[in-house]
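In what follows, a single structure is set out as structure tokens and then discussed.
No hydrogens, no waters, no symmetry mates; every other heavy atom, side chains included, goes into these values. Predicted, not measured: the structure shown is a model, and the values here were computed from it.
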Amino acid sequence: MSDATDNNDDSIWVVYEAPPDYPDKYVARRLLLNRPTGDVVIGDTLIDVRSKLPKGLFRLERSDRDDPLVRESWI
């Protein structure tokens, strides 16, 4: 896991609720140019994960086209 404070302008953090690999957690995964990276933030609550994301990001509401596990995204 990389330091969540490292950010790139082409990055998006996608926050999932109860993904298969962490069924009792919220998980944010960083995508770079829509490709997965090894960067991940894990928390017990959505607020916990939000507090661990890099500062200065802008939250995007989930879209109807998103995977059902997606709660929100941050750019």
Side-chain angles (χ1 to χ4, degrees):
M1 176 167 91
S2 293
D3 182 354
T5 59
D6 293 337
N7 197 28
N8 183 303
D9 289 342
D10 296 324
S11 292
I12 183 167
W13 287 87
V14 180
V15 180
Y16 302 87
E17 181 180 358
D21 51 344
Y22 296 97
D24 298 324
K25 303 288 183 181
Y26 284 82
V27 177
R29 299 181 196 282
R30 186 172 72 94
L31 304 177
L32 178 59
L33 298 173
N34 289 328
R35 294 189 183 144
T37 69
D39 297 337
V40 63
V41 172
I42 302 165
D44 292 324
T45 66
L46 183 57
I47 292 171
D48 188 24
V49 168
R50 286 176 178 166
S51 73
K52 297 176 183 177
L53 291 174
K55 303 301 179 218
L57 296 177
F58 178 78
R59 185 170 65 94
L60 301 173
E61 296 291 333
R62 73 176 308 283
S63 164
D64 291 337
R65 296 173 292 178
D66 286 336
D67 181 294
L69 300 178
V70 172
R71 290 296 153 245
E72 61 192 20
S73 298
W74 293 80
I75 56 173

**Request:** Please lay out, stage by stage, how Leu46 and Val15 fare under the test side chain to side chain contact (heavy atoms under 4.5 Å, CB included).
**Result:** CA-CA 8 Å; Leu46 183 57; Val15 180; 3.6 Å; yes
**Request:** Can you see which heavy atom on Pro36 is nearest to which on Leu31, and at what distance?
**Result:** CA-CD2, 3.5 Å
**Request:** Kindly determine whether Tyr16 and Lys25 satisfy side chain to side chain contact (heavy atoms under 4.5 Å, CB included), including the steps that lead there.
**Result:** CA-CA 9 Å; Tyr16 302 87; Lys25 303 288 183 181; over 6 Å; no
**Asked** Would you say Asn34 has more than 12 foreign heavy atoms packed within less than 6.0 Å of its CG?
**Response** no
**Item:** Trp13 vs Arg29, side chain to side chain contact (heavy atoms under 4.5 Å, CB included): CA-CA, chis, key distance, verdict
**Value:** CA-CA 5 Å; Trp13 287 87; Arg29 299 181 196 282; 5.8 Å; no
**Prompt:** Is any side-chain heavy atom of Arg50 less than 4.5 Å from a side-chain heavy atom of Tyr26?
**Reply:** no
**Message:** If we ignore hydrogens and angles and just use 3.5 Å, is the side chain of Lys52 paired with the main-chain N or O of Ile42 as donor and acceptor?
**Reply:** yes
**Prompt:** Looking only at heavy atoms, which two atoms of Gly43 and Val49 are closest? And how far apart?
**Reply:** N-CG2, 3.5 Å
**Asked** Does a side-chain N-to-carboxylate-O contact under 4.0 Å join Arg62 and Glu72?
**Response** no
**Message:** Leu60 vs Ile75, test: side chain to side chain contact (heavy atoms under 4.5 Å, CB included). Steps then yes/no.
**Reply:** CA-CA 8 Å; Leu60 301 173; Ile75 56 173; 4.0 Å; yes
**Item:** Path from Val14 to Phe58 over hydrophobic side-chain contacts below 4.5 Å
**Value:** yes
**Asked** Between Thr37 and Arg30, is there a donor-acceptor pair closer than 3.5 Å when you use the side chain of the first and the backbone of the second?
**Response** yes
